[in-house]
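Working notes, beginning with the structure itself.
Labels below follow one simple rule: chain letters A, B, ... track the order of the sequence lines, proteins then strands, and each chain is numbered from 1. Just so you know, these numbers use all the heavy atoms, side chains as well, and skip hydrogens, waters and symmetry mates.
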Amino acid sequence: MPASELHTPVLDWYDAHQRDLPWRRPEASPWSVLVSELMLQQTPVARVLPVHQAWLERWPTPADLAAEPTGEAVRAWGRLGYPRRALRLHGAAVAIVAEHGGEVPSEYADLIGLPGVGDYTAAAVASFAFGRRHVVLDTNVRRVLARTRQGVELASTSVTRAERETATGLLPDDPATAATWAVAVMELGALVCTASSPRCGECPVADLCAWRLAGRPAYDGPPRRTQAWAGTDRQCRGRLMAVLRESEGPVHRSALEAAWSPESQRVRCLAGLVEDGLAAHVAPDVYALP
DNA sequence: CAATCGTGGCA
DNA sequence: TTGCCAAGATT
């Protein structure tokens, strides 16, 4: 099927159904877009919205954030999860001030040099904030392409060469159209072509979707590993970080001891948090946000 | 390439 | 109730 057959239905659908998100508004700054992209990594939109608003009100520019201690970023990150992203965003702000005159760079090559910015985020910011032409391959896009083009329910674990070539081939020539196409496919994946219970009845390309035309065959690949949680270091780290976040000042070791057992794991995780820069050992038996 | 890294809502 | 899942990056 010609690539262009997807364009008009998806773009029209996006025009009619796109969500009104703060980082998509015309007045949204590139900094707002960058902050949103870091927060949205593995985190649902609904949970990001209030934190993003608070961050932009408190730190309207990269320089505002860069002037703060990293601990303030970690505290304001709240319960979004993966708090190292807060450190990376702070580090990105520092780098933007030091190396880019305080302005979020518009080039992919500069963006991907920032902490916490990988291929997806660099392409997304260049595309959404600056209207550049880039392949934006996130989990939503990958799922839409897997279904419509490959005829399979879910994309592979990692991005394949063929997958990237397919996405490149679908990218409109005009940069502005390419940028809209990128966000439109993502939105389709987020709202209609969802991982579970896709709404094929509402899909603008259902009539040419290889997966639907094949009868929506169930996933038939290697077993997908589900992440353990109870009793893991991640849960332990989360508990310790919650104690540090929710305290106004430094906390005594006893407060951390009450948050987790066994001791050996707690000690190891606390050392890991200090090593990661998420916590500071400010005095004997006293810890705080950095 | 695979493991690691939080959190909470929902089917 | 519990497994699945949400705009990935880093090592």
Side-chain angles (χ1 to χ4, degrees), chain A residues 14 18-19 21-24 28 32-52 74 77-89 91-92 111-129 134-144 153-161 167 179 182-191 193-199 219 222-246 259-260 268-269 272-273 275-279:
Chain A
Y14 180 69
Q18 62 173 291
R19 289 169 292 180
L21 301 173
W23 45 87
R24 282 188 190 160
S32 175
V33 175
L34 179 62
V35 170
S36 79
E37 290 302 339
L38 266 290
M39 290 183 172
L40 287 164
Q41 290 169 3
Q42 302 288 284
T43 306
V45 168
R47 212 177 311 165
V48 165
L49 282 169
V51 183
H52 178 270
V74 173
W77 196 254
R79 309 185 67 81
L80 283 183
Y82 293 146
R84 288 194 286 204
R85 292 181 295 166
L87 292 180
R88 291 170 183 157
L89 190 45
L111 286 163
I112 205 166
L114 299 172
V117 177
D119 170 69
Y120 160 75
T121 302
V125 173
S127 182
F128 304 156
H134 286 283
V135 171
V136 180
L137 262 188
D138 81 320
T139 185
N140 290 303
V141 175
R142 297 189 62 220
R143 188 172 54 247
V144 171
E153 182 180 21
L154 300 171
S156 55
T157 305
S158 54
V159 178
T160 65
R161 183 187 195 110
V183 71
V185 180
M186 279 182 62
E187 190 77 334
L188 185 65
L191 298 183
C193 194
T194 50
S196 53
S197 306
R199 302 164 173 79
Y219 174 73
R224 308 159 76 80
R225 206 172 284 289
T226 87
Q227 294 181 341
W229 175 245
T232 62
D233 283 4
R234 300 164 73 186
Q235 185 185 30
C236 178
R237 287 165 58 104
R239 290 273 182 83
L240 298 177
M241 286 306 298
V243 171
L244 294 176
R245 251 191 341 255
E246 289 153 20
W260 190 266
R268 171 163 46 80
C269 287
L273 291 173
E275 171 71 22
D276 291 343
L278 284 166

Distance test, side-chain N/O of [X] to OP1/OP2 of [N], below 4.0 Å:
| X | N | answer |
| --- | --- | --- |
| A:Gln42 | C:dG8 | yes |
| A:Thr43 | B:dG6 | no |
| A:Arg245 | B:dT7 | yes |
| A:Arg143 | C:dA6 | yes |
| A:Arg237 | B:dG6 | yes |

Give the rounded distance in Å between these two atoms: OH of A:Tyr82 and P of C:dC5. 14 Å
Tell me the interatomic distance from A:Leu191, atom CG, to C:dA6, atom C1', rounded to whole angstroms. 13 Å
Give me the one residue out of A:Val135, A:Val136, A:Leu137, A:Ile112 that meets side-chain contact (heavy atoms from CB on, under 4.5 Å) with A:Tyr120. A:Val136
Side chain of [X] - closest among [options]:
| X | options | answer |
| --- | --- | --- |
| A:Arg85 | B:dT7, C:dA7, B:dG6 | B:dG6 |
| A:Gln227 | B:dC5, C:dC4, C:dG8 | B:dC5 |
| A:Asp138 | C:dA9, C:dA7, B:dG6 | C:dA7 |
| A:Ala195 | C:dC5, B:dC5, C:dA7 | C:dC5 |
| A:Thr121 | B:dG6, C:dA7, C:dA9 | C:dA9 |

Look at the side chain of A:Thr139 and the base of C:dG8, then say whether one donor and one acceptor between them are separated by less than 3.5 Å. no
Check whether the side chain of A:Arg88 and the base of C:dT10 form a donor-acceptor pair under 3.5 Å. no
Taking the [atom1] atom of each, how far is [N] from [M], in whole Å?
| N | M | atom1 | result |
| --- | --- | --- | --- |
| C:dC5 | B:dC5 | C1' | 16 Å |
| C:dA9 | B:dG8 | P | 23 Å |
| B:dC1 | C:dT10 | C1' | 13 Å |
| B:dG6 | C:dA6 | C1' | 12 Å |

Across the strands shown, which category fits [X] at heavy-atom distances under 4.0 angstrom: base, sugar-phosphate, nothing?
| X | result |
| --- | --- |
| A:Leu80 | base |
| A:Asp276 | nothing |
| A:Trp23 | base |
| A:Leu21 | base |

Is A:Leu21 close to A:Val45 at the side-chain level, that is, under 4.5 Å between some pair of heavy atoms? yes
Measure the shortest side-chain to side-chain distance between A:Thr232 and A:Gln227 over non-hydrogen atoms and say whether it is less than 4.5 angstrom. no
Could you check whether A:Arg268 pairs with A:Glu275 (Lys NZ or Arg NE/NH1/NH2 to Asp/Glu carboxylate O, under 4.0 Å)? no
Could you measure the distance from the CE atom of A:Met241 to the CH2 atom of A:Trp77? Nearest 0.5 Å is fine. 12.0 Å
Reading DNA chain B from 5' onward, which residue's closest nucleotide shows up sooner: A:Arg225 or A:Arg79? A:Arg225
If you assign A:Ile112 and A:Val45 each to the DNA chain C nucleotide with the nearest heavy atom, which residue ends up on the more 5' nucleotide? A:Val45
Do A:Ser156 and A:Arg142 have side-chain atoms, one donor and one acceptor, less than 3.5 Å apart? yes
